[in-house]
Amino acid sequence: MKRDRRWMAVLLMLIVVCSGCGNLNQKQNKIQSSQEEIASKNEQESEEEENEESAREDSEGEKDSEEEKENQEDTGKKEANVEQKEKKPALNADTVVYAREDVVTTSSVNVRTAPSTDSEVYQTAARRSELVRTANDGTWSAVEIEGKEYYVASEFLKLKSEMTDNGYLVVIDAGHQGKGNSEQEPIGPGASETKAKVASGTTGCSSGLKEYELTLMVSLKLQEELEARGYQVMMVRTSHDVNISNSERAAVANNAGADAFIRVHANGSEDSSENGILTICPTSANPYMGNLYSQCRNLSECVLDGAVNATGANKKYIWETDTMSGINWCTVPVTIVEMGFMTNPAEDQNMASDSYQQKLAVGIADGVDAYFEN
């Protein structure tokens, strides 16, 4: 009995020990599992840190690359600016002549900061402005203004000592052209009303001469006559093969700063008996250039009287109208002279003759003289 109890006690102890071992194993398993989870978590965190570090390095690399690119671009711009400054237009070293000379502008002209049409315009010099030239390469001239150097196209300068004209510039417009242009343009600055850019003109009923041919014949003779009297003359056209609208013809005179703008035309009528000379000017109420009315009226009177006296033709009148776009666009004194009627057989034959054309030229020039003497 006692032996059985001892075996029972031993058995109980074994059971307790075994139970403890199981618990111990469970605890050890739990500890091992926890350690594995911690290790896995640490490993994951380490990988995340490595990824973040790599991303940060990539970002910093990209930033450094962008900064480097920007620095390169800035350097390139600076080099380009330096290169551009180094390539600033200059007078032609092979042809330039240095000399201080008194010169006069022969037309209204731009004074530029460098010898190039792409350079900045410092100011616009009016015709007959006196300047001091310091250098000339044949294309551009250096001029001195208030102690600084600027540039003017040489073709618009003339030595003051060579200026032999009387100081007046007359622009002559031989009316019409070889082919008319029916495209429309405003009759004046800002006008809603339009007219054909330039009409084809009339034709001599007897001579067969075209108006654009007659007007150029007389205009060239007028040019020669005026230049012989000391005027500076500019022609709007010297050939028939042009395409110049009436507003563009006015612009030629405006840009040149003309002292007088003479527009040479011939007349036409359904009545073949109509004959004589008339001139045209704006009205005093002209909405585009009415401020020039008195000068235009005076010029028209002088030219009409001169032409009639030189030719003996019938004196008609001065037509005041605001319908002429070639007048409305003007900013200088202007007149249109209608030399006679090409629809009148006798007058047409007269105007076709060289001698009568010369009389017309002399008479118009007389009128220009009278205008500037008033």
Side-chain angles (χ1 to χ4, degrees), residues 170-205 209-216 218-219 222 234-256 258 260-271 274 276-297 299-300 303-304 316-343 351 364:
V170 178
V171 175
I172 302 172
D173 173 28
H176 304 287
Q177 57 195 30
K179 184 178 180 181
N181 186 345
S182 60
E183 292 179 11
Q184 299 291 297
E185 68 178 359
I187 65 168
S192 57
E193 183 182 352
T194 62
K195 288 181 67 175
K197 287 187 174 181
V198 56
S200 57
T202 190
T203 302
C205 64
L209 194 65
K210 301 294 184 180
E211 184 180 354
Y212 66 82
E213 295 173 321
L214 172 62
T215 59
L216 185 56
V218 175
S219 293
L222 177 59
M234 180 181 293
M235 303 292 287
V236 170
R237 72 176 180 96
T238 55
S239 72
H240 305 312
D241 187 20
V242 297
N243 186 17
I244 313 173
S245 74
N246 286 310
S247 66
E248 291 169 340
R249 292 166 191 251
V252 172
N254 296 341
N255 294 336
F261 184 28
I262 311 297
R263 306 192 65 220
V264 180
H265 283 256
N267 224 328
S269 172
E270 292 181 358
D271 182 357
E274 278 274 19
I277 301 173
L278 64 88
T279 53
I280 305 173
C281 75
T283 72
S284 58
N286 185 290
Y288 312 106
M289 43 84 74
N291 59 308
L292 292 171
Y293 166 74
S294 60
Q295 293 164 273
C296 295
R297 174 78 195 195
L299 179 60
S300 297
V303 167
L304 178 57
K316 291 187 73 67
Y317 52 84
I318 298 172
W319 179 25
E320 293 189 4
T321 179
D322 298 331
T323 63
M324 301 293 176
S325 50
I327 288 177
N328 294 339
W329 282 94
C330 285
T331 58
V332 296
V334 57
T335 187
I336 297 176
V337 53
E338 298 282 0
M339 301 177 293
F341 285 77
M342 299 187 80
T343 49
M351 289 188 291
I364 294 170

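Being a predicted model, the structure only gives us computed values, none of them experimental.
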Which heavy atom of [X] sits nearest a heavy atom of [Y], and at what distance?
X	Y	value
Thr215	Gly175	OG1-O, 2.8 Å
Pro333	Cys296	CA-SG, 3.9 Å
Leu299	Ala260	CD2-CB, 4.2 Å
Val198	His176	CG2-CA, 4.1 Å
Phe261	Cys330	CD2-SG, 3.6 Å
Asn246	Arg263	OD1-NH2, 2.9 Å

I'd like to know if Lys316 pairs up with Glu274 as an ion pair, taking the criterion as any Lys NZ or Arg NE/NH1/NH2 lying under 4.0 Å from an Asp or Glu carboxylate oxygen.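 Yes, Lys316 and Glu274 are salt-bridged.
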State plainly whether the residues Glu183 and Lys197 are in salt-bridge range, i.e. N to O under 4.0 Å.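 Yes.
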Taking the side chain as every heavy atom from C-beta outward, state whether Pro186 and Trp329 have any atom pair closer than 4.5 Å.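 Of all side-chain heavy-atom pairs linking Trp329 with Pro186, at least one is under 4.5 Å.
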Taking C-beta and beyond as the side chain, do Leu304 and Val337 meet within less than 4.5 Å on heavy atoms?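 Heavy-atom side-chain distance check fails, nothing below 4.5 Å.
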Please round to the nearest 0.5 Å and tell me the distance separating atom [atom1] of [X] and atom [atom2] of [Y].
X	Y	atom1	atom2	value
Ile277	Tyr317	CD1	OH	13.5 Å
Asn243	Gln177	CG	CD	5.0 Å
Ile280	Ile318	CD1	CD1	11.0 Å
Tyr212	Ser200	OH	OG	9.5 Å
Ile172	Leu222	CD1	CG	3.5 Å
Gln184	Ser245	CD	OG	11.5 Å

Report the residues that fulfil side chain to side chain donor-acceptor pair (under 3.5 Å) with Thr321, sequence neighbours left out, ordered by chain and then residue number.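 By the side chain to side chain donor-acceptor pair (under 3.5 Å) rule, Thr321 matches Thr323.
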Step by step, would you call Ile327 with Met289 a side chain to side chain contact (heavy atoms under 4.5 Å, CB included)? CA-CA 8 Å; Ile327 288 177; Met289 43 84 74; 3.9 Å; yes
I'd like to know whether Met351 forms a side chain to side chain contact (heavy atoms under 4.5 Å, CB included) with Leu209, so could you lay out the CA-CA distance, the side-chain angles of the two residues, the decisive distance to 0.1 Å, and finally the verdict. CA-CA 9 Å; Met351 289 188 291; Leu209 194 65; over 6 Å; no
Using a 3.5 Å distance criterion without hydrogens, assess whether the side chain of [X] forms a donor-acceptor pair with backbone atoms of [Y].
X	Y	result
Glu338	Gly340	no
Gln295	Leu292	no
Glu211	Thr202	yes
Glu320	Ser284	no

Could you check Ile187 against Tyr288 for side chain to side chain contact (heavy atoms under 4.5 Å, CB included), going step by step and ending with a plain yes or no? CA-CA 9 Å; Ile187 65 168; Tyr288 312 106; 3.8 Å; yes
Out of Leu214, Leu278, Asn267, which residue meets the side-chain contact (heavy atoms from CB on, under 4.5 Å) rule with Met339?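 Among the candidates, only Leu214 passes.
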Result of checking Val236, Val171, Asn254 against Arg249 for side-chain contact (heavy atoms from CB on, under 4.5 Å):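 Between Arg249 and the candidates, side-chain contact (heavy atoms from CB on, under 4.5 Å) is satisfied uniquely by Val236.
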Does Asp241, at its CG atom, have more than 12 non-hydrogen atoms belonging to other residues, nucleotides or ligands within less than 6.0 Å?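 Incorrect, the count does not exceed 12.
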Answer yes or no: does atom NZ of Lys195 have more than 12 heavy-atom neighbours from other residues, nucleotides or ligands under 6.0 Å?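 Yes, the 6.0 Å shell around NZ holds more than 12 heavy atoms from other groups.
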For Asn328 and Asp322, test the side chains for any donor-to-acceptor distance below 3.5 angstrom and give the result as yes or no.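 There is no such pair (donor and acceptor under 3.5 Å, judged by atom type) between the side chains of Asn328 and Asp322.
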